[in-house]
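One structure is given below, encoded as structure tokens.
Reckoned from all heavy atoms, side chains included, excluding hydrogens, waters and symmetry mates. In this text the structure is predicted, and so the values were computed from the model without any measurement.
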Amino acid sequence: MLKNKRTYLIPIIGFAFIILVASVILCSPICNYKEITFRDALFIATSGLTTTGFTKGPLVEQFNFLGQIILAILMEIGAMGFIIFISYFWSIKNKKMKISDILVINDNISSDSYGQIKEHSIFIGKIMLEVQAFGIILLAIRFIPLLGFFKGIWYSIFHTISAFSNCGFDLFGGNSFRIFSNDIYVQTIMIALMLLGSIGILVIEDVRNNKSRKFSRLKLQTKIILTYSLILLVVPTIAIKILEPNISILNSLFMVSTSRSTGFSVVDLPNFTFESKFILIILMFIGGSPTSTSGGVKMVTIAVLISTIVSTLKGKDETIMFWKKVPNSAIRRAITIFTLFALIITIACTVFYHYNKINLLNIIFEAVSAISNTGLTITDYSTVNIIGENILLLLMFIGRVSPLSFILVFINENSKDKYIDYPSENVIL
């Protein structure tokens, strides 16, 4: 059975192995200013590799330069994705891949052949380095005068990786980016890095290859992502600004951008209104785009579901998006992903609340933030017991490897069913 589950087991085992090794390194004295338990190191390593950004205290007070480098490496691997990371090094070494290897990677970067996988792997690595190089240079312009040359350079590197990977780790003493709440320059750069990370490299590739610069020439996936990205930026930004009149429009835009799966904050989030927190929960649940550094159910999943509902209400038998028909297999996958996310969150929140009698909204917020690999928090972790921490840890891991892959490991597929055609009969809904 497990042999047939290789497609799903490779990323799961790979992520688990890296987390375990990183946890051992992070809890060693050479990485820390003060003693840390293995459990806390495991929590932070999982948070870093899954690009969630949950912490149990200021990272800069716990980890020295070496420890911070380990965290940066974890975020980079998490951003690229374990499978893409491996395929990239396969490609640059020109190693041959088996068909089964291609199938594993295909599920992560949506390529149809070895040639496309090799091309996309190299392109992904190249674009990631280019975007982050620009981010480092732009942040260094502000950080070097503020922090000094060496510290300014390192903080520029660390926070560029953190922003682009949509992780949200910071080295500013646990206050995230609140010290830059009035800094237009830094916020603008961070928003750009977070958005580029959340829309995905393949969207950037499609836009760059579109020589005509016409929206109609873009792939359907790109059209959906760009359109919904704009909607999910503008509408929530205006809504939160109205609900939170004490913050600036740029602060509102920053919080909407970071809720797409990053976890940085420039405001006192626990003091947000119920309505604002609920909007952020929805944004975290949706997340970014497929093949991006973001988590969540993904924008394309939500777009397909909305279009299917609209088509059904109009009495149509097919789902049409931008004058293209969406395959039934994509619709079924979207329904499955959405349902699995909702079911896992419901179960996790129920168990969490049973053992931690804290505000239910806070529990939902933390659970969605964990499984979407966002890292925003409105809860004091000193009030959360070990069971609650383990639930969050498991949610972070499931969110990174995808609930669909995680569940499919435990489902026994019957290959004979592929060749059986059953009679159909209508049912009343």
- line: Tested for side-chain contact (heavy atoms from CB on, under 4.5 Å) against Met321, the lone hit among Val300, Thr227, Ile224 is Ile224

query: Per the side-chain contact (heavy atoms from CB on, under 4.5 Å) rule, which among Tyr155, Phe149, Trp154 passes with Lys151?
result: Tyr155

Using atom types as modelled and distance alone, determine if a side-chain donor or acceptor of [X] lies under 3.5 Å from a backbone N or O of [Y].
X	Y	answer
Thr383	Asp380	yes
Thr374	Gly263	no
Thr51	Cys167	no

When you compare the side chains of [X] and [Y], does any donor N or O come within less than 3.5 Å of an acceptor on the partner?
X	Y	value
Ser248	Asn251	yes
Asp206	Asn209	no
Thr319	Thr308	yes
Thr339	Thr336	no
Asn385	Asn356	yes
Glu366	Thr377	yes
Asn166	Thr262	yes

task: Could you please spell out the steps behind the side chain to side chain donor-acceptor pair (under 3.5 Å) verdict for Thr160 and Gln132?
output: CA-CA 6 Å; Thr160 293; Gln132 291 178 80; over 6 Å; no

message: Does atom CG (Asp268) have a neighbourhood of more than 12 heavy atoms from anything else shown, all under 6.0 Å?
response: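 More than 12 within 6.0 Å, yes.
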
query: Can the ring centres of Phe169 and Phe54 be said to be less than 6.0 Å apart?
result: no

query: Are Phe180 and Phe172 near enough that their ring centres are under 6.0 Å apart?
result: yes

- request: Could you check Glu76 against Ser165 for side chain to side chain donor-acceptor pair (under 3.5 Å), going step by step and ending with a plain yes or no?
  value: CA-CA 7 Å; Glu76 198 72 87; Ser165 68; over 6 Å; no

- prompt: Which of parallel (below 30°), tilted (30 to 60°) and perpendicular (above 60°) describes Phe177 and His159?
  reply: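 Ring orientation of Phe177 relative to His159: perpendicular.
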
query: Does the pair Glu61/Lys56 count as a salt bridge with the N-to-O cut at 4.0 Å?
result: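 Salt bridge between Glu61 and Lys56, a charged N being under 4.0 Å from a carboxylate O: no.
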
Heavy-atom pair with the smallest gap, counting every atom of Ile204 and Ile199: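 Of all heavy-atom pairs spanning Ile204 and Ile199, the closest is CG1-CD1, 4.1 Å.
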
